[in-house]
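Here is the structure we will look at.
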Amino acid sequence: MATVSRRAFLGGVTGAAVLGATVTGVAGAATGPSGRSASLLGAVQTTREHRRAVVIGTGFGGAITALRLARAGVPVLQLERGIRWPTGPNSETFPHMFTPDRRASWLWPTTVFTGSPPVPFRPYTGVVERVRGVGMDILCGSGVGGGSLVYHGMTIQPSAENFERSMPSGLDYGRFDRDFYRRVASVLKPATIPDDLLNAPAYRSSRMFLDKVAASGRQGFRVPLPLDWDFARRELRGEFKPSYTTGDVIYGVNNGGKNSVDVTYVAAAEATGRVEVATLHLVRDISRAPSGKWVVHVDRIDTDGLVQERKEITTDALFLGAGSAGTTRLLVKAKAKGLIPDLPDGVGSRWGNNGDRIFTWTPLGDSPGKLQGGPACVGVKDWESADPLTVILGPVPFPADLGTTSIIGFGIVRPEGRFVYDPIRDDAVLHWSQAYDAQLTGAIRNRIRSIVGEGIVSELTSPTVDTTSIETTTYHPLGGATIGDVCDGFGRVLGQPGL
Ligand SMILES: Cc1cc2nc3c(=O)[nH]c(=O)nc-3n(C[C@H](O)[C@H](O)[C@H](O)COP(=O)(O)OP(=O)(O)OC[C@H]3O[C@@H](n4cnc5c(N)ncnc54)[C@H](O)[C@@H]3O)c2cc1C
């Protein structure tokens, strides 16, 4: 059963209209997303199908959900907007930070990461989306494996006190400590940097930072990372092209050796034979049919973002694993457009940025070096004070020795951000004010200053600049559909059976 409209172009992350008005398409017009436009390139069919369970997204949330469902015997269709990014020794799957190309950005005509040169290119279903908000942009992964493709992989278990300060009441830290964190560790296999690598010239910036931490009277730590450090050794031996050892990991690690979600949870889910991963399937809207079944409105696109087919997939059970930004946008749109009646009022609220703050650090006369081995592998946990903070050295793959590197701070932030539906963009837009994390930012700045040197003299000899105040982004979006406000303790949306 198919209705026919025209082939459409998705002009960017929000699907903004590019070439005119939607031509036709009964299903799309009735319940599908607005804001899409048609080109004159040819016909697009709308097809319909029913599935027992549908999972949106293939990052941590979506992949683990699909695996658990499959192991319980449930057949799953997993919808992923992006493509697969297969890695292996000396592959060139991902672009490089300082020589980027169209693979770098999700349907956007230039790079979206701060610091990556803004070269123009033809939009592509690339690996990083920048979700543009008011006062804050979110950077998140797109592709099979979600954010794990591009994340550094810092895998840090919180203390019981900090867990209780930041997570909803009703979640038992003891269960996380005894069971859940261990299960994750058994798959991701986090490991700290071994001595021989930390002492290699390529990791000079990490050693410098640890020295500063020790000199400030604190104890540094090595960050557990989900990777096989032998890959870095093989880079230093010249067997693989450098990636880890130059810190060139922000668009993904070409050589592999990283236990990202695509090669762990997604691979395990697919190996059950019960999970079908459909790539280049961009979910535009979700709705609830009068029958109570869930309807997923999907554009199947090509890597240029052109719509090849529209799908309406009904399901008994719908799981939203599209990340904080993706899931919240779908829910806020559904509520604002009346596609799902009676969604909880908390949808879109209680959003926070993890306190993310990136500072440059330029110790004059004592350069961190051109080669800054990564991923971010050393830091300091300052968790006992009123503002518990984690501060990490963030290596940068500079093409030349610029005498600088970065230091990143995180903390527990007030979740004051809110997504609001914008009918012109047909999207939910994040609203944030730097006032929400001003105090936390001050605490991070002071903590970093107290590590790399105190006072006005050291500000001259070891300057730091808060880059996040210039371009306000986060890699760590959290909230928007939180337990207690929107979901119960199992993640079931309140009053919405099967969601
Ligand atoms: C550069 C960077 C570095 C980071 N470093 C760290 C780190 O060191 N340690 C750490 O713990 N965290 C880190 N993070 C954060 C971490 O990646 C995220 O917290 C994590 O990936 C969130 O998992 P998730 O499953 O909720 O969402 P995601 O991993 O974002 O997965 C969501 C998936 O849904 C897909 N999707 C979204 N919308 C749609 C749609 N409408 N239709 C179809 N598919 C859709 C996306 O393509 C994606 O694959 C980093 C993130 C970035 C960007």
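Both counts, for ligands and for their atoms, begin at 1 and track the order of listing. Heavy-atom basis, side chains included; hydrogens, waters and symmetry copies ignored.
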**Any donor-acceptor pair under 3.5 Å from K258 side chain to S148 backbone** = yes
**Request:** Before signing off on this row, confirm whether G147 and ligand 1 have an N or O atom pair separated by under 3.5 Å.
**Result:** yes
**Prompt:** Nearest protein heavy atom to atom 51 (C) of ligand 1, by residue and atom, and its distance?
**Reply:** Y475 O, 3.3 Å
**Contact summary for R310 and V44, nearest pair of heavy atoms** = N-CG1, 3.8 Å
**Asked** Of all the non-hydrogen atoms in the protein, which one sits nearest to atom 22 (C) of ligand 1, and at what distance?
**Response** F60 CD1, 4.3 Å
**Asked** Has K335 got its NZ or CZ under 6.0 Å from the middle of the six-membered ring of Y421, at an angle within 45 degrees of the ring axis?
**Response** no
**Asked** Is the shortest N/O to N/O distance between S324 and ligand 1 below 3.5 Å?
**Response** no
**Prompt:** Should Y151 be counted as touching ligand 1, given the test is an N or O pair under 3.5 Å?
**Reply:** no
**Message:** To check your reading of the model: name the closest protein heavy atom to atom 31 (O) of ligand 1, its residue, and the distance in Å.
**Reply:** G59 CA, 3.5 Å
**Request:** Return a yes/no value for G61: is any of its N or O atoms, backbone included, closer than 3.5 angstrom to an N or O of ligand 1?
**Result:** yes
**Message:** Please classify the W106 to ligand 1 contact at 4.0 Å (heavy-atom distances, strictly less than): side chain, backbone, both or neither.
**Reply:** neither
**Request:** For the pair E129 and R329, find out whether any cationic side-chain nitrogen is under 4.0 Å from an anionic carboxylate oxygen.
**Result:** yes
**Asked** In terms of the angle between their ring planes, are F176 and F163 parallel, tilted or perpendicular, with boundaries placed at 30° and 60°?
**Response** tilted
**Asked** So, do F113 and Y475 have ring centers that fall under 6.0 Å from each other?
**Response** yes
**Asked** Who's the nearest protein heavy-atom neighbour of atom 27 (O) of ligand 1, and how far?
**Response** G323 CA, 3.3 Å
**Item:** From G394, G146, A322 - option closest to atom 32 (C) of ligand 1 by heavy atom
**Value:** A322
**Message:** Heavy atoms only: which of H281, E80, Q78 lies closest to atom 35 (C) of ligand 1?
**Reply:** E80
**Asked** Within the structure, does at least one protein heavy atom fall under 4.0 Å of atom 19 (O) of ligand 1?
**Response** no
**Item:** Salt bridge present between D426 and K337 (N-O < 4.0 angstrom)
**Value:** yes
**Prompt:** Looking at G141, which atoms of ligand 1 are within less than 4.0 Å of one of its heavy atoms?
**Reply:** 46 (C), 47 (O), 48 (C)
**Point-to-point distance, once rounded to the nearest 0.5 Å, from CZ of F121 to CZ of R103** = 10.5 Å
**Prompt:** How does H476 reach ligand 1, by side chain, by backbone, by both or by neither, if only non-hydrogen atoms under 4.0 Å count?
**Reply:** side chain
**Request:** Answer with side chain, backbone, both or neither: which part of L139 has a heavy atom less than 4.0 angstrom from an atom of ligand 1?
**Result:** backbone
**Prompt:** Counting both backbone and side chain atoms, is some N or O of G143 under 3.5 Å from an N or O of ligand 1?
**Reply:** yes
**Prompt:** Is the shortest N/O to N/O distance between G153 and ligand 1 below 3.5 Å?
**Reply:** yes
**Request:** Consider every N or O of R81 and every N or O of ligand 1, then say whether any pair is closer than 3.5 Å.
**Result:** yes
**Asked** Would you say ligand 1 has an N or O under 3.5 Å from any N or O of V283?
**Response** yes
**Request:** Taking only Lys NZ, Arg NE, NH1 and NH2, and the carboxylate oxygens of Asp or Glu, determine whether K333 and D422 approach each other closer than 4.0 Å.
**Result:** no
**Request:** Ignoring angles and geometry beyond distance, decide whether F113 reaches within less than 3.5 Å of ligand 1 through its nitrogen or oxygen atoms.
**Result:** no
**Request:** Please confirm whether H476 and F410 have ring centers closer than 6.0 angstrom.
**Result:** yes
**Complete:** Within 4.0 Å of some non-hydrogen atom of G57, the atoms of ligand 1 are 33 (C), 34 (O), 35 (C)
**Item:** E270/R84 salt bridge by N-O under 4.0 Å criterion
**Value:** yes
**Item:** Ring centres under 6.0 angstrom apart (Y173, F180)
**Value:** no
**Item:** Electrostatic pair D316-R51, nearest N-O below 4.0 angstrom
**Value:** no
**Request:** Decide whether the shortest distance between a heavy atom of G321 and an atom of ligand 1 is less than 4.0 Å.
**Result:** yes
**Asked** What class does the angle between the rings of W229 and Y244 fall in, given that below 30° is parallel, 30 to 60° is tilted and above 60° is perpendicular?
**Response** tilted
**Under 3.5 Å: N/O of M154 near N/O of ligand 1** = yes
**Request:** Please indicate, with yes or no, if any protein heavy atom is found under 4.0 Å from atom 3 (C) of ligand 1?
**Result:** yes
